[in-house]
Amino acid sequence: MTDSRRILVTAALPYANGLAHMGHLVEYIQTDIWVRFQRMLGNDCLFVCASDAHGTPIMIRARKDGIPAEEIIEHYHRRFQEDFAAFHIRFDNFGSTHSSENRELVNLIYGRLQSGGHLQSRTIRQAYDEKEGMFLPDRFVRGTCPRCGATDQYGDSCESCGATYAPSELVDPISVLSGTRPVERESEHLFFRLSEFEDELRSWASGGALQDSVRKKLDEWFETGLQDWDISRDAPYFGFEIPDLPGKYFYVWLDAPVGYMASLLNLARRRDDIDFESYWTPDSDAELYHFIGKDIVYFHALFWPGVLQAAGFRVPSAVFAHGFLTVNGEKMSKSRGTFITAETYLQHLEPQCLRYYYASKLGPGVEDIDLNLDDFVLKVNADLVGKVVNIASRCAGFITRLADGHMSAALPEPALHDQFVAGAVQVAESYETRHFSRAMRQIMALADRANQYIDQHKPWLMAKEDGRETEVQAVCTQGLNAFRALVIMLKPVLPGLARAAERFLGENEWRWTDIEQPLLGRRIEKFKPLLQRVDPKAVAAMLEASRATMENTRPSTPSTEELMDEITIDEFRRLELRVARVSKAETVDGADKLLRLTLDLGDGQRQVLAGIRSAYQPESLADRLVVVVANLEPRKMRFGTSEGMILAAGPGGEDIFLLSPDSGAVPGMRVS
RNA sequence: GGUGAUGUAGCUCAGCUGGUUAGAGCGACGCACUCAUAAUGCGUAGGUCGGUGGUUCAAGUCCACCCAUCACCA
């Protein structure tokens, strides 16, 4: 193919400090589908990624665990590779930002920024933990909000009133590392003069490189004015030391995007057919796309193109941002078992099912998507098994039995095949524009057409009549070709299914254009189920396993709270603890921390006002069993009387965990 | 707090620049069929399009305000 495009695609770098989970997979699956589609078209499309190895969190963890940071990042690097491979995410290279190539490129870029006069040294004041001997990022300082007085807030903004401020403005600030009060210290930092590139960035941003909503977001930043970007950090830090500034390191967000280049360089050094330079020169004919989450638009749509320009490289052709993942309509939650790691999923479910489900929900925009597990089961079973695979399943038997496995030499209804060929053009358009949900809808509409066709011709009736074998064979050949076209269209999403179908039909490595020519006269293999239905029990088991794993691995917050004075058993018995069922849970107007619960204690209802709204949605509580202090003196509150207290553990905020009895307990039972 | 995004049938989502009785898939219900991994086909029921107010001959679609959710504020 002479007019094939040269494309370099990246997915954001996973941080090497935790396992890949369902949220990560949205992005890698989205990107992988797009890349596989490009390859099926015959384009020269490279897909690189890397683990993101630097920064404060990894440094601190290494310190705490007393092991080298290299060991941590190496561990997660390997786990990422295993997980991604299992989900059929096929990178051309998966590198690390802690690599010689990255160091080389970061230094090269640094040199160019320096000689181009794009850097400036400035003294800043920052919180410093004297006990730990290190400067503290804003998130590592907590204290009381200077505006609303909420306690235990981060150093950059208040979650309660939304105020933003500097850590030094906090009332009673403490370091989360040592618990001591930080002091202010001065330090020399290097700044990248981003504002010099405002004009270039503006025209790049309005030139089609960004989605509309992302562009609007950038406009907003342009309005407020671009500020210079602090690219250095003080030791101790895990990263690359700045060559001529001992004790200073490059900020992780400087070297992370360079990691995209480094990963390609690492690959190019092993492969003769890849010319690294040609991808990065300002006049490069290659396309460069970054798939990212909407939370890191800032780094990819401002800093990164700014740095690239300053260093004399090309800018990205486009940045594609996607939304966040919720599970069952809520943020992933460890306590609800919806914080599902890739590994836990793999132990219970088939990876391609997730690929299909995500594909059926992903569009070109930045909207969040929801992994609704009930919907997941229904959709995968109905679409993939019931519609698509079923077509092969219901046709293959006849071909095998009545025609010795041979398909007919011609299609009885070429017009139907033409519909599929025409449909494939639409589907391709949808893939290209990352409108995967539309692609899946278009494909399923075609699958419906195929099933209708088979129903109209009823091969199972003809098969009972003598002498109509040829007709049955023809109808089923038509059906199998419909199936073949559908699976080719689904191949970017379901590569494993496609490979199995290729073997079943005796073919190899389908490309997109293979849809056009029907498969005729071919001897097919005996049909074997190509994909199993999803068992809802497996989903339930996965949630249960997630919950269990998270409880085990959840870092037990070192309980610094002292135990209270001893009490006697009689004193304890004065507590009347009862099992209760939540019969109603609702929010309370005017109170953003409370939920009004109506509890069934077996012998009657009572109302309890509980301060758990930050951790629980009212709907999630209905019918659940809790433990209540039943003989607590009723308390009048502004919003009504609270007649008891429900038991929960945790420090507060999102970390509140209701206690619940094992199954078998019924409302009214005494807890002792 | 500021800014951006989102809010359409039980569920998941389409609805381009405003224009006939608001669409699909799944689920539910009914019928048909039995080749197929209890799959498939046909049909029925279900929504005053988050709320309030406005612009217009006409608004899910434009404007204002409000509510809820998500994100960002370097």
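These numbers were taken from a predicted model, which means no experiment stands behind them.
The gap from the P atom of B:C11 to that of B:G54 amounts to 31 Å, rounded to the nearest Å. Atom name C1', nucleotides B:C62 and B:A71: the rounded distance is 26 Å, in whole Å. Between the C1' atoms of B:U12 and B:G7, the separation comes to 14 Å (whole Å). When the P atom is compared between B:U17 and B:U6, the two are found 12 Å apart, to the nearest whole Å. Taking atom P in both B:C13 and B:C66, one finds a spacing of 27 Å when rounded to whole Å. For B:G15 and B:C67, the P atoms lie 28 Å apart once the distance is rounded to whole Å. Comparing B:A22 with B:U48, their P atoms are spaced 12 Å from each other, to the whole Å. Only the P atoms considered, B:G50 is 14 Å distant from B:A14, to the nearest whole Å.
Summarising the geometry, the separation between CG on A:D212 and P on B:G4 is reported as 14 Å, rounded to the nearest angstrom. Protein atom NZ of A:K216 is 8 Å distant from nucleotide atom P of B:G4, rounded to whole Å. Rounded to an integer number of Å, the gap from NZ of A:K528 to C1' of B:U37 is 15 Å. Rounded to an integer number of Å, the gap from A:F324 CZ to B:C70 C1' is 9 Å. As rounded to whole Å, 12 Å separates atom C1' of B:A14 from atom CD of A:E367. In this structure, A:L384 atom CG and B:A39 atom P are separated by 14 Å, rounded to whole Å. For A:L371 and B:C70, the CG to C1' distance is 17 Å, given to the nearest whole Å. For the pair A:L378 CG and B:A24 P, the interatomic distance rounds to 19 Å; values are reported in whole Å.
Across all strands shown, B:G43 forms a Watson-Crick or G-U wobble pair, both distances under 3.5 Å, with B:C29. With a 3.5 Å ceiling on both atom-pair distances, B:U48 lacks any Watson-Crick or G-U wobble partner. Checking B:A38 for Watson-Crick or G-U wobble geometry (two distances, each under 3.5 Å) identifies no partner in any strand. Across all strands shown, B:C72 forms a Watson-Crick or G-U wobble pair with B:G2, both key distances being under 3.5 Å. Judged by Watson-Crick or G-U wobble contacts below 3.5 Å, the nucleotide B:U56 has no partner. Pairing for B:U61 is absent, with no Watson-Crick or G-U wobble pair whose two atom distances lie under 3.5 Å. The partner of B:A9, taking Watson-Crick or G-U wobble pairs whose two distances both stay under 3.5 Å, does not exist in any strand shown. Pair assignment for B:U20: none, as no Watson-Crick or G-U wobble contacts are both less than 3.5 Å.
Among the heavy atoms of the strands, none lies under 4.0 Å from A:L302. Using a 4.0 Å heavy-atom distance criterion, A:R438 is classed as making no nucleic acid contact. Nucleic acid contact for A:V389: base, since at least one base atom lies under 4.0 Å from a heavy atom of the residue. The residue A:G225 sits close to a base: some heavy atom pair falls under 4.0 Å.
Between A:D448 and A:K387 there is a salt bridge, since a side-chain N of the basic residue sits under 4.0 Å from a carboxylate O of the acidic one. A salt bridge links A:R233 to A:D230: at least one charged side-chain nitrogen sits closer than 4.0 Å to a carboxylate oxygen. A salt bridge is defined here as a Lys NZ or Arg NE, NH1 or NH2 lying under 4.0 Å from an Asp or Glu carboxylate O, and A:R523 with A:D404 meets this definition. Using a 4.0 Å cut-off between a side-chain N of Lys or Arg and a carboxylate O of Asp or Glu, A:E502 and A:R499 do not qualify as a salt bridge. Using a cutoff of 4.0 Å between basic side-chain nitrogens and carboxylate oxygens, A:D212 and A:R215 are scored as salt-bridged.
Residue A:W221 places its side chain closer to B:C72 than to any other of B:U37, B:C72, B:C13. The side chain of A:Q532 has B:U37 as its nearest neighbour among B:C13, B:C72, B:U37. The side chain of A:R441 sits closest to B:C13 out of B:G41, B:C13, B:G4. Nearest to the side chain of A:Q452, among B:U37, B:C42, B:A14, sits B:C42. Distances were taken from every side-chain heavy atom of A:K217 (C-beta onward) to each of B:A71, B:A5, B:U12; the shortest belongs to B:A71. In the set B:U12, B:C72, B:C26, B:C26 carries the atom at the smallest distance from any side-chain atom of A:K387.
With hydrogens and angles left out, the side-chain atoms of A:S213 and A:K294 include no donor and acceptor closer than 3.5 Å. Side-chain contact check for A:Q478 and A:H417: no donor-acceptor pair (N or O, by modelled atom type) lies under 3.5 Å.
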In B/S/- notation (B base, S sugar-phosphate only, - none; protein heavy atoms under 4.0 Å), nucleotides 28-36 of chain B written 5' to 3' is -----SSBB

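B:G23 has its base anti relative to the sugar, with a glycosidic angle deviating from 0 by more than 90°.
A residue-by-residue look at A:Y357 and A:L531 shows that A:Y357 has its nearest nucleotide of RNA chain B further toward the 5' end. Two residues, A:T326 and A:G386, neighbour RNA chain B, and the one matched to the more 5' nucleotide by heavy-atom proximity is A:G386.
Of the listed residues (A:F483, A:F504, A:F398), just one forms a ring-ring contact (aromatic ring centres under 6.0 Å, His included) with A:F527, and that residue is A:F504. Each of A:F192, A:Y110, A:W229, A:F240 was scored for a ring-ring contact (aromatic ring centres under 6.0 Å, His included) with A:F250, with one residue passing: A:Y110.
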From CA spacing to verdict: side chain to side chain contact (heavy atoms under 4.5 Å, CB included), A:L13, A:Y260:
CA-CA 8 Å; A:L13 314 184; A:Y260 298 141; 3.5 Å; yes

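When the side-chain nitrogen and oxygen atoms of A:K361 are compared with OP1 and OP2 of B:C13, one or more of them lie within a distance under 4.0 Å.
No side-chain donor-acceptor contact under 3.5 Å links A:E350 to the backbone of A:V534.
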